[in-house]
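All values derive from a computational prediction rather than experimental measurement. Every number for a ligand or one of its atoms is a count from 1 in the order of the listing.
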Amino acid sequence: MARRNKIYEGKAKIIYEGPESGTIVQYFKDDATAFNAQKKDVIEGKGVLNNRLCEYFMVGLNQIGVPTHFIKRLNMREQLCKSCEIVPLEVIVRNYAAGTMSKRLGLEEGTQLPRPIVEYCYKDDSLGDPLVSEEHIAAFGWASQQDMDDILSLALRVNDFLSGVMYGVGIKLIDFKIEIGRIYDGDYQRLIVADEISPDSCRLWDMETGQKLDKDVFRRDLGNLADAYTEVATRLGVMPKNSTPITKPTLIN
Ligand code: 5GP
């Protein structure tokens, strides 16, 4: 069997060259990391759950006309995506204060914000992905003003979609992070939602109890991460209600 070309290995995913030019394959690992990889573990089944959940969100976004890099899920851990150039920014949308915003501004976690707030971090692990302003982004040429208008609009559309989907299953979308890709079409470029959307990159709280159903369960040692993600997947109908929790996935599809 021919060996695939690995393009990049990150903390939670591996990117391979796709079968056709202009495509890549995203492989979801079981590895969980936090605090810039200072905390690490392997959570069996996490990659399978994130692959499924990411498919669910990306398909929904594509269907409502928010362009994403997602083409199709290939198997339990892999999805076929359009290859794109990643804008070196983490785009964070917050509906309620939590995490670094709570620390930075002294806001109690869970405080509702007056409106969704979009923040940008420069993607650089060695610097800990520092928060940057639009001034930095323009001055260093990471994105143009037109790009920033498009990125803001994409981020808010993703927020409306995800908030609604989560609200429908009794979950509050506290915040999330997305990444943006550029694809070129002749002389034109288009910005699309890339990377992943999953409980690894969102904060999700049960509406009634406030129980955390996202990566904070791992970051803060609050219980079993795979159980939390399985709860999200089950509520969304991505996993059948009575299915056995994913421990050791053996199926290909
Ligand atoms: P915070 O800035 O409070 O740490 O994170 C805000 C939101 O963005 C959270 O939902 C968090 O999960 C997500 N986020 C921030 N940085 C990263 C990152 O490097 N990787 C992932 N997967 N999510 C991130």
Side-chain angles (χ1 to χ4, degrees), residues 8-15 26-43 46-47 49-51 53-54 57-58 68-69 79 86-113 116-133 142 151-152 154-156 158-159 161-163 165-166 171-181 193-206 210-222 225-226 228-229 232:
Y8 170 80
E9 178 157 1
K11 286 172 276 190
K13 294 189 296 299
I14 305 174
I15 309 296
Q26 251 190 171
Y27 175 98
F28 287 78
K29 302 196 282 187
D30 280 346
D31 300 22
T33 63
F35 314 119
N36 210 359
Q38 286 171 46
K39 178 172 175 157
K40 289 185 201 172
D41 204 350
V42 175
I43 313 286
K46 180 173 88 81
L49 284 157
N50 277 352
N51 187 27
L53 283 162
C54 184
F57 299 131
M58 293 291 188
T68 81
H69 73 158
Q79 45 186 245
I86 295 286
V87 175
L89 297 173
E90 295 196 334
V91 180
I92 294 172
V93 184
R94 301 180 187 269
N95 299 305
Y96 298 84
T100 57
M101 176 186 244
S102 285
K103 281 210 189 89
R104 209 181 316 122
L105 300 181
L107 292 169
E108 192 183 336
E109 289 208 312
T111 309
Q112 186 161 17
L113 300 172
I117 295 179
V118 183
E119 295 176 347
Y120 306 98
C121 293
Y122 179 53
K123 251 175 80 67
D124 186 326
D125 281 342
S126 68
L127 300 173
D129 301 333
L131 184 69
V132 291
S133 71
W142 297 324
I151 289 172
L152 179 64
L154 280 174
L156 293 176
V158 172
N159 186 43
F161 170 77
L162 279 184
S163 298
V165 165
M166 292 303 177
I171 294 174
K172 257 203 290 208
L173 177 66
I174 302 296
D175 58 30
F176 65 92
K177 181 259 315 180
I178 51 171
E179 295 190 17
I180 303 292
V193 177
D195 190 52
E196 75 175 282
I197 301 177
S198 75
D200 266 11
S201 51
C202 301
R203 282 199 175 91
L204 306 169
W205 294 6
D206 179 84
Q211 187 193 353
K212 293 182 172 55
L213 299 169
D214 56 63
K215 205 166 117 182
D216 276 348
V217 171
F218 170 72
R219 293 188 189 104
R220 303 178 187 189
D221 295 318
L222 299 175
L225 192 70
Y229 289 17
V232 177

Side-chain (Ser163) to main-chain (Asn159) donor-acceptor, under 3.5 angstrom:
yes

Spacing of Phe218 atom CZ and Ile43 atom CD1 [to the nearest 0.5 Å]:
5.5 Å

We want to know whether Asp200 and Tyr229 form a side-chain donor-acceptor pair, criterion being a heavy-atom distance below 3.5 angstrom.
yes

With sequence neighbours excluded, what pairs up with Lys40 under the side chain to side chain contact (heavy atoms under 4.5 Å, CB included) test?
Thr33, Ala37

Would you say the side-chain atoms of Arg94 and Thr100 include a donor-acceptor pair closer than 3.5 Å?
yes

At a heavy-atom distance under 4.0 Å, which protein residues reach ligand 1? Sort them by chain and number, would you?
Glu90, Ile92, Arg94, Ala98, Gly99, Thr100, Asp129, Asp175, Phe176, Lys177, Asp200, Ser201, Cys202, Arg203, Arg219

Can you establish whether the number of heavy atoms outside Lys103 located under 6.0 Å from its atom NZ is more than 12?
no

